[in-house]
Amino acid sequence: MVALAPSDSSATLLAGFVVPSPANHLLRWSTLLSLYMAYALVILVALVLLGAVPRVKRVLPTLTSSRRVGFQQKLLASFLVVALLPALLLGA
């Protein structure tokens with residue numbers, strides 16, 4: 001808290017600063033994380049939709065392998081689920 005006495009009047013200016021609780025910090029960071037996850041999901045959907053266009057398909061990176069789903073794809077999917085679930089649960 002800061003109190004200042006201005007030179008032109010007899011009034012005192014008072015400024016207070018709120019210290020957020022740990023719950024508010026967690027809520028703020030989970031909101032940001034949910035926002036970033038939503039951006040990533042929109043970009044992923046846009047890449048999949050652009051991959052359907054034949055001319056653009058040659059330029060885009062491959063999102064899936066031509067083979068069946070292997071260990072790396074399963075591991076990445078599990079990391080995605082583990083990262084998304086807390087963000088979705090806290091954001092809802």
Side-chain angles (χ1 to χ4, degrees):
M1 179 122 10
V2 177
L4 300 173
S7 60
D8 60 352
S9 71
S10 62
T12 303
L13 300 175
L14 184 64
F17 301 98
V18 176
V19 178
S21 67
N24 284 343
H25 276 295
L26 181 65
L27 181 63
R28 184 180 62 182
W29 284 108
S30 65
T31 303
L32 283 174
L33 183 63
S34 297
L35 184 65
Y36 290 143
M37 290 293 178
Y39 287 155
L41 185 63
V42 167
I43 290 172
L44 184 65
V45 167
L47 279 175
V48 168
L49 291 177
L50 285 174
V53 179
R55 290 185 183 208
V56 181
K57 187 175 184 177
R58 293 183 300 231
V59 187
L60 292 176
T62 57
L63 296 175
T64 58
S65 63
S66 58
R67 297 172 283 163
R68 56 192 185 116
V69 177
F71 173 74
Q72 289 179 338
Q73 287 83 13
K74 289 178 186 176
L75 184 66
L76 286 173
S78 66
F79 279 137
L80 180 66
V81 168
V82 167
L84 277 177
L85 278 180
L88 293 175
L89 291 176
L90 289 174

Can you measure from OG (Ser34) to CG (Leu41) and round to the nearest 0.5 angstrom?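 Going from the OG atom of Ser34 to the CG atom of Leu41 covers 12.0 Å.
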How many angstroms lie between atom CG of Leu26 and atom CZ of Arg28, to the nearest 0.5 angstrom?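 Output value for this atom pair is 10.5 Å.
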Which hydrophobic side chains are connected to Val45, either touching it within the sub-4.5 Å cutoff or through other members that do?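 In the cluster with Val45 are Leu49.
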Verify the cluster assignment for Leu47 and Tyr39: are they in a single hydrophobic cluster under the rule of side-chain heavy atoms below 4.5 Å apart?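 No: no chain of side-chain contacts under 4.5 Å links Leu47 to Tyr39.
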Return the set of residues passing side chain to side chain contact (heavy atoms under 4.5 Å, CB included) with Pro22 (not counting sequence neighbours), or none when no residue passes.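 Side chain to side chain contact (heavy atoms under 4.5 Å, CB included) check on Pro22 returns nothing, list empty.
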The criterion is side chain to side chain contact (heavy atoms under 4.5 Å, CB included); which residues satisfy it with Leu80, sequence neighbours excluded?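 So Leu80 forms a side chain to side chain contact (heavy atoms under 4.5 Å, CB included) with Leu84.
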